[in-house]
Amino acid sequence: METRPKISVVVPLYNEAESLPELYEWIVRVMHENNYTYEILFVNDGSTDESWQVIEHLATKDTNVHGIKFRRNYGKSPALYCGFKASRGEVVITMDADLQDSPDEIPELYRMISEEGYDLVSGYKQKRYDPLSKTLPTKLFNATARAVSGIHNLHDFNCGLKAYRSEVVKNIEVFGEMHRFIPYMAKNAGFNKIGEKVVHHQARKYGKTKFGLNRFVNGYLDLLTLWFLGTFGKKPMHVFGFLGTLMFLVGFFAVLIVGGVKLIHIIGGTPAPLVTNSPYFYISLTMMLLGTQLFLAGFIGELISRNAAARNEYQIEKEF
């Protein structure tokens with residue numbers, strides 16, 4: 001029977017051929033110094049350089065090296081998803097391939113998972129070697145993520161250097177560009193012991209960054225999506241029904257005001273103003289239409305939710 005390794009190191013990469021041999025040697029040195037059994041999973045996200053050839057060469061001299069090659073560039077989240085699916089280790093470590101994450105952090109990350117009982121430990125690059133144009137939006141983004149997710153002890157949600165108990169990566173589905181919010185996804189799946197470790201951040205040695213400023217805009221949209229799915233994903237009528245009811249009531253009271261004004265003038269024998277001259281008429285019309293539409297959206301959401309394949313999938317920690 002094949003022995004399960006203690007650690008799986010998952011490395012998503014895109015055009016990092018220059019850094020891979022050095023990263024591999026560094027990881028192996030740390031593993032041997034600490035007597036860890038291990039595997040290294042390189043996930044080649046459609047690289048156009050010699051990255052895959054380097055991975056194949058490393059695999060020929062070390063059976064602990066495994067590779068996954070995408071036909072095209074899908075993004076970091078799909079790469080992590082496939083790496084998590086293939087991992088066999090008791091603890092899964094993720095790191096970027098650009099040498100900005102230090103493998104020397106692995107022993108302490110492993111200890112925090114295996115001895116202190118954390119489900120997930122996220123790295124915190126307290127001192128960064130990135131330009132201000134990247135660090136300032138990052139701070140704002142992380143502050144928003146802390147407020148929305150309720151995970152107030154994390155300073156750097158998007159740090160690539162993280163450690164997980166195997167059960168965590170097997171019970172979350174990383175998709176789209178949701179890798180930024182894996183701690184939030186883990187929390188939504190019921191893994192609440194989430195910690196942080198200050199890690200060393202190194203200046204990029206080879207190549208250039210693959211991420212632009214647009215990731216911050218996309219990040220906020222993804223955070224909003226994750227918040228909605230986590231809060232109302234299985235009960236869409238609660239949010240759409242509430243908003244629909246609220247708007248319908250606003251429209252209904254506006255109708256009462258318009259009708260009341262008209263009735264007062266008729267009783268008093270004075271010329272009644274045209275209904276269409278009142279702003280409340282348009283408020284009532286708009287609000288009642290929006291309220292009805294939101295109600296219908298809620299019903300449609302409930303129908304989709306109740307007929308979805310995953311409608312009764314829940315995280316079960318133990319079962320007898």
Side-chain angles (χ1 to χ4, degrees), residues 7-12 43 75-85 87 89-96 100-102 105-106 108-126 128 135 137-201 211 215-216 218-233 314-315 317:
I7 298 176
S8 293
V9 181
V10 177
V11 183
V43 186
K76 189 173 184 178
S77 290
L80 287 174
Y81 172 78
C82 292
F84 288 162
K85 188 176 179 181
S87 66
E90 298 170 11
V91 173
V92 178
I93 307 282
T94 59
M95 62 174 52
D96 295 334
Q100 290 190 283
D101 295 332
S102 171
E105 306 286 354
I106 290 175
E108 181 61 16
L109 290 170
Y110 175 77
R111 189 195 66 79
M112 292 178 73
I113 298 290
S114 60
E115 296 181 17
E116 296 186 25
Y118 283 101
D119 296 315
L120 184 157
V121 179
S122 182
Y124 171 32
K125 297 172 181 176
Q126 198 168 27
R128 302 183 67 100
T135 56
T138 296
K139 288 182 181 295
L140 181 62
F141 172 77
N142 282 309
T144 307
R146 283 194 297 273
V148 173
S149 69
I151 308 174
H152 300 293
N153 62 318
L154 293 191
H155 294 83
D156 191 357
F157 278 73
N158 197 30
C159 179
L161 186 57
K162 289 184 173 67
Y164 313 80
R165 263 196 313 125
S166 177
E167 290 84 354
V168 176
V169 301
K170 299 300 183 183
N171 284 282
I172 60 174
E173 183 180 359
V174 190
F175 60 95
E177 294 184 21
M178 293 296 182
H179 58 275
R180 303 179 182 94
F181 307 111
I182 290 179
Y184 192 13
M185 298 174 76
K187 179 187 175 185
N188 285 343
F191 298 100
N192 295 310
K193 192 164 185 184
I194 298 171
E196 182 176 76
K197 180 188 180 302
V198 175
V199 297
H200 179 62
H201 182 229
F211 302 101
R215 68 176 183 151
F216 294 106
N218 295 337
Y220 279 109
L221 296 176
D222 290 336
L223 180 59
L224 182 62
T225 300
L226 196 57
W227 171 81
F228 183 84
L229 290 175
T231 308
F232 301 107
Y314 308 104
Q315 303 298 328
E317 184 173 358

Step by step, work out the salt bridge (charged side-chain N to carboxylate O under 4.0 Å, His left out) result for K193 and D119.
CA-CA 5 Å; K193 192 164 185 184; D119 296 315; over 6 Å; no

Applying salt bridge (charged side-chain N to carboxylate O under 4.0 Å, His left out), run through K197 and E108 and close with a yes or a no.
CA-CA 9 Å; K197 180 188 180 302; E108 181 61 16; over 6 Å; no

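Classified by interplanar angle (parallel below 30°, tilted 30° to 60°, perpendicular above 60°), the ring pair Y124/H155 is parallel.
Residues G195 and N153 come closest through the heavy atom pair CA-ND2, 3.9 Å. Contact between L120 and A186 at its shortest, heavy atoms only, is CD1-CB, 4.1 Å. In terms of heavy-atom proximity, V199 sits nearest to C159 at CG2-SG, 4.4 Å. Of all heavy-atom pairs between I172 and A189, the closest is CG2-CB, 4.0 Å. A pairwise comparison of heavy atoms in P12 and A79 identifies CB-CB, 3.7 Å as the closest pair.
A search for side-chain contact (heavy atoms from CB on, under 4.5 Å) contacts involving K187 returns I151, N192, I194, not counting sequence neighbours. For E116, the side-chain contact (heavy atoms from CB on, under 4.5 Å) partners are R111, M112, Y118, not counting sequence neighbours.
Counting only heavy atoms from C-beta outward, the side chains of N158 and H179 approach each other to under 4.5 Å. T94 is not listed as a side-chain neighbour of I182, based on a closest heavy-atom distance of 4.5 Å or more. Side chains of V11 and V43 form no contact here, defined as non-hydrogen atoms less than 4.5 Å apart. Proximity of I7 to I106: side-chain heavy atoms (C-beta onward) are separated by under 4.5 Å at one or more points.
Using a distance-only test at 3.5 Å, with no hydrogens or angles considered, a donor-acceptor pair links the side chain of S77 to the main chain of M178. In terms of modelled atom types and a separation under 3.5 Å, the side chain of S8 and the main chain of S87 share no donor-acceptor contact.
Note: L109 CG to M95 CE = 8.0 Å, rounded to the nearest 0.5 Å. The line from CG of L154 to OG of S149 is 7.0 Å long, rounded to the nearest 0.5 Å. The OG atom of S102 sits 8.0 Å away from the CG atom of L161 when rounded to the nearest 0.5 Å. Rounded to the nearest 0.5 angstrom, I93 CD1 and I113 CD1 are separated by 7.0 Å.
Each of K162, H200, K125 was checked for a side chain to side chain donor-acceptor pair (under 3.5 Å) with D101, and the lone residue meeting it is K125. For the side chain to side chain contact (heavy atoms under 4.5 Å, CB included) with F84, the qualifying choice from N171, V168, V174 is V174, the only one to do so.
Outside the 6.0 Å centre-distance limit, the rings of F191 and Y164 are not counted as a close aromatic pair.
Around NZ of K170, the count of heavy atoms belonging to other residues, nucleotides or ligands within 6.0 Å exceeds 12. Residue-environment remark: OH (Y110) exceeds the threshold of 12 foreign heavy atoms within 6.0 Å.
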